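Have a look at the structure below, then the notes.
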Amino acid sequence: LEYPIFELPMLGGGMLIAGIAIFHVFIAQFSIGAAFLVALAERRAIRDGDADTRRFLRQYARMILLVPYVLGTMTGVGVWMAISVVNPRATSALIHLFVWAWASEWVLFIVEVASIYLYVYTWDRIAPRAHNAIAWIFAGASWLTLVIINGILSFMLTPGAWRPGEPGGFWPALLNPLFWPTTLIRTLIALALGGAGVMLLVALLKDLAPAVREKVTRLAYRMILPVWLCLPLAGWAFAVLPGRAQTFLQGGAPVMVVFLGFGMATFVILAASALVGMWRRDYSVSVFRAVLVCLLAFVSYGSFEFVREGARKPYIIEDFMYSTGVTVPGAAGVDRRANLTRVRADGVLAAAPWALPPGRTVADLDLRDAGPPVFRAACHACHTLDGYNAVRPLVRGWSAAHARYLLDHMNELKPAMPPFPGTDAEKEALARYLADLGTAVRIGGPR
Amino acid sequence: VSPDFVPSPDMLGLPVVPWLGRLLMSLTLAVHWMLIGGAVGGTAILLAAALRRRARPDLANAGRALGPPVIFFLSMGATFGIAPLLLVQVLYGNVLYSANVLLAFWWLGIVPLVITAFYLLYHVRRRSAEERPVGAWAPALVLVALGLVAAILVSDTLLSQRPDAWAGFYHAHGGKALFVDDATYAPRLAFALLGLLAVGGIMTAIAAKGGLVHDVQARPIVVEAGLRLAAVTSVLWVAAGVLLLLLVPAHERDALLAADGAGPWAWVAAAALASTVVTALVARRRPSGARVGLAAAACFAGLFALAYVRDVVRQQAVSPYFRLSDVPVNPQWGPFVVFLAMLGAGIVALMALVYLARAPKGKE
């Protein structure tokens, strides 16, 4: 609403964000875990006078730290670029609320860049302990960036005591109910990803000295093992979720329940595999097993992210802004253009001039012409016509009356859908348009 | 254009008083330009070294030492870009996001372009470290990638100041074209690219003088190459600036030079850029650390003034649709103080890093 509409054929904006974000979070969290692993391994190697392990770390520091770091940083910017074109109103609200949190994170990014380059390019040029101290600074700064961004992401699901327009809302928003459990979950997953990634690297290096292989793999196991703590932490997170999100996870949204189950199972399997490896002193991990551990770590974090994103529906910011960009009636005091109360009175198209055909105004449109613009304004944020989350197959065989009934009761019948944000006439126009879409895919004659 | 097409400012109001936001934005933008200039200028020297490796073996050898500082400049430059990007969203998010969507496919292309530049520079660095010849194609492609990023950003900035052009552009291209339908686009882009090269020459010389180039023998050659680049391109930069000034519509030029608008800052920028040319030429003749530093200081002053002028021009351009002064301000002083504390801690951490990086090898 308000803004020009970005149309990505087939994929849709949501899929674009998901694609970049999955890659980014995976790389970024791996990078944080790997930073701790390298710092710890180097400290032990210095303490034990272990030149072989230091040589391994030196050889692969660039591969473990620098390459993922650059990809992680740039794709992080990519996530922001994508959300700003797909949902500018939500991006704007988050930026205006959390600008100083992001600015603080920016300071940490600068420390990260300086430390990672110094770390990689000063091997054997400076005293080993000084070199190791640089690794700890990098790891610490990286982890703090996770803490800050997690505060913003968890706010979107549990805004807690924050109320739009009320002064002093920054702290309750950042330190929201989900902040602590998800910070700990993300930290544990980051450590597990770091451990799994290094395990794969070690498995791929056939000519690595057995002693180095053993030390690094043992450390990787120790970093993976605590991931089981995500189980009780997930329970804590569940307890502070909004009631609607809890019902999703209790069977209201079967796909989310499946992903939650996947996540829980992978936490257990990952921790168990590390425990068994440590118990059997199995430090010669095959490439297949290492890949499997990496995949499990990927599934564990992916499930966590999927559940977090899914549980937020129909909101993009819980109890403030729906995924359509329309704000809840309670925000009428701050949002004078695209608040639900307002768009229901004035029409969604009054707040979405970019959805109109070129040269047309709302007054020009009749019932039939208004369908596609209403679809673009009210549905396009999540749905495509024929691609990802496509509407056309969903409405196959629908009559206008059926569509109208569903639009009338949209968020009662489907709690993940926001309420229809428009006038009765717009609803009728959309119902007819959806029925037409359904007819177009039907083989045979008229309904 | 109907004002309906211009989104309203964010409903949560400004979390910072406008003057502070504008100051911080201009300051961090100037630092961002300096660092990205270092990456662009350093890459241009890498290209020259690759192209002339038979005629200038000394330059080719010096080029081998330039990879790490160029990568560092690009990393730091990209990171420093986050701050002005944050603040421009806070101050002008409604027009910025609109321009981003109108150029969506290009806008989203910035990240892959920068990642490509990074990995090409890693390729150059690795070839250099292995003492293998560096092909000209890699630095040339880096310059193409970064030049495209500049072209996208210039287009985005220009479009964010032209709401009158939005509707036609949107319906004609749907986010798939760059906005180049403005007489000032080409001179703006030329001004930006020449500026990056001029700044980059100075930053490369600073990097060599400051020890970022590890090979001691390479340092004077890098300094000489950087200052030569700066001397030539800074003259062209100023010429492009004059051309740009002549090409903007008369009412915009008058507004730009008006005493109650950007005028004083525009003159400061002009004076600082002229000083950059002079100091770069002087430093090229006698490249002492102080002279190179003076050229860098003049350059930074010029960029800061330019960033501020740019902000005033933007305000004037969008004033028919919205005024910053009309947006409610809900300053977040507490979080701002925490940010300042974090900034202080970050500076301490950076100082600690410099201290650690100088720890002699034998000393624990």
Side-chain angles (χ1 to χ4, degrees), chain A residues 2-7 70-71 73-75 77-78 81-82 84-85 88 91-93 95-97 99-104 106-111 113-115 117-118 121-122 124-131 133-134 137 141 164-165 167-168 170-171 327 331 334-337 353-354 358, chain B residues 2 4-5 7-8 10-16 68 72 75-76 78-80 82-83 86-87 89-90 93-94 97-98 100-102 104 107-108 110-111 114-115 118 166-167 170-171 174-175 330 332 334-336 338-339 342-343 345-346 349-350 352-353 356-364:
Chain A
E2 284 203 274
Y3 286 89
I5 298 164
F6 171 56
E7 297 193 41
V70 168
L71 272 181
T73 309
M74 290 314 302
T75 50
V77 177
M81 287 178 150
S84 75
V85 296
T91 309
S92 177
I95 290 283
H96 282 76
L97 180 56
V99 63
W100 300 121
W102 261 304
S104 300
W106 166 73
V107 173
L108 293 165
F109 287 152
I110 293 169
V111 174
V113 173
S115 52
Y117 280 98
L118 283 176
Y121 292 119
T122 58
D124 288 342
R125 287 185 180 159
I126 62 172
R129 282 179 200 281
H131 189 258
I134 294 174
I137 290 175
F170 175 89
W171 293 112
T327 51
V334 292
D335 186 9
R336 289 177 183 83
R337 191 149 181 207
W354 294 96
Chain B
S2 160
D4 286 349
F5 281 86
S8 42
D10 191 85
M11 62 192 100
L12 299 180
L14 294 175
V16 55
F72 179 73
S75 297
M76 270 296 183
T79 307
F80 256 88
I82 291 170
L86 266 179
L87 290 160
Q89 289 175 84
V90 166
N94 53 341
Y97 296 136
S98 300
N100 295 350
V101 181
L102 295 173
W107 177 249
L108 293 170
I110 289 177
V111 167
V114 177
I115 290 176
F118 263 116
W166 289 358
Y170 178 63
H171 292 303
N330 303 312
Q332 298 178 351
F336 177 66
V338 172
F339 158 68
M342 184 64 90
L343 188 62
L350 291 174
L353 284 169
L356 290 168
R358 288 171 183 264
K361 197 178 170 189
K363 187 181 162 190
E364 289 296 330

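It should be emphasised that the depicted structure is a prediction, and the values quoted were computed from it without experimental measurement. What's counted below: heavy atoms across the whole structure, side chains too, no hydrogens, waters or symmetry copies. Just so we're on the same page: letters track the sequence lines, and every chain starts at 1.
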When B:P335, B:G334, B:A349 are compared by non-hydrogen pairs under 4.5 Å with chain A, the top option: B:P335
Inter-residue atom distance B:D10.CG - A:H96.NE2, 0.5 Å rounding: 4.5 Å
Of the listed residues (A:W171, A:W102, A:F170), which shares the most heavy-atom pairs with chain B below a 4.5 Å separation? A:F170
Per-residue contact mode, A:F109 against chain B (heavy atom under 4.5 angstrom): both
Look at B:N100, B:V90, B:V114 and state which one has the largest set of heavy-atom pairs under 4.5 Å with chain A. B:V90
Report which part of A:L71 has an atom under 4.5 Å of a heavy atom belonging to chain B: side chain, backbone, both, or neither. both
Any chance the side chains of A:T91 and B:Y97 put a donor and an acceptor closer than 3.5 Å? no
Which of the residues B:G93, B:S98, B:G346 is involved in the greatest number of heavy-atom pairs with chain A at under 4.5 angstrom? B:S98
Name the member of B:M342, B:R358, B:Q89 that forms the most heavy-atom pairs with chain A at distances under 4.5 Å. B:Q89
Under 30°, 30 to 60°, or over 60°: which ring-plane class applies to A:W354 and B:F5, parallel, tilted or perpendicular? perpendicular
So which of A:I5, A:T122, A:T73 has the largest heavy-atom pair count under 4.5 angstrom toward chain B? A:I5
Among A:A93, A:G78, A:P164, A:A133, which residue forms the greatest number of heavy-atom pairs with chain B at distances under 4.5 Å? A:A93
Out of curiosity, A:W100 CH2 to B:L86 CG, how far, rounded to the nearest 0.5 Å? 9.0 Å
Ranking B:N94, B:L87, B:L14 by heavy-atom pairs under 4.5 Å to chain A gives rank one to B:N94
For B:P7 against A:R337, the heavy-atom pair lying closest together: CA-NH1, 3.9 Å
Considering all heavy atoms of both residues, which atom of B:L12 and which atom of A:G165 are nearest to each other, and what is their separation? CD2-N, 4.3 Å
If you compare all heavy atoms of A:I126 against all heavy atoms of B:A357, which two are closest, and at what distance to 0.1 Å? CG2-O, 3.1 Å
OG1 on B:T79 to CG on A:L108, rounded to 0.5 Å: 11.5 Å
Considering all heavy atoms of both residues, which atom of A:Y3 and which atom of B:S8 are nearest to each other, and what is their separation? OH-O, 4.4 Å
Looking only at heavy atoms, which two atoms of A:A114 and B:L353 are closest? And how far apart? CB-CD1, 4.0 Å
Is there side-chain contact between B:L108 and A:V85, with heavy atoms separated by less than 4.5 Å? yes
For A:P167, is it the side chain, the backbone, both, or neither that has a heavy atom closer than 4.5 Å to a heavy atom of chain B? neither
Which heavy atom of A:M74 sits nearest to which heavy atom of B:V111, and what is that distance? O-CG1, 3.4 Å
Please look at A:I110 and chain B and tell me whether the side chain, the backbone, both or neither of the residue comes under 4.5 angstrom of a heavy atom of that chain. both
For B:F118, is it the side chain, the backbone, both or neither that has a heavy atom under 4.5 Å from a heavy atom of chain A? side chain
Check whether any side-chain heavy atom of B:L356 sits under 4.5 Å from a side-chain heavy atom of A:I137, and report yes or no. yes
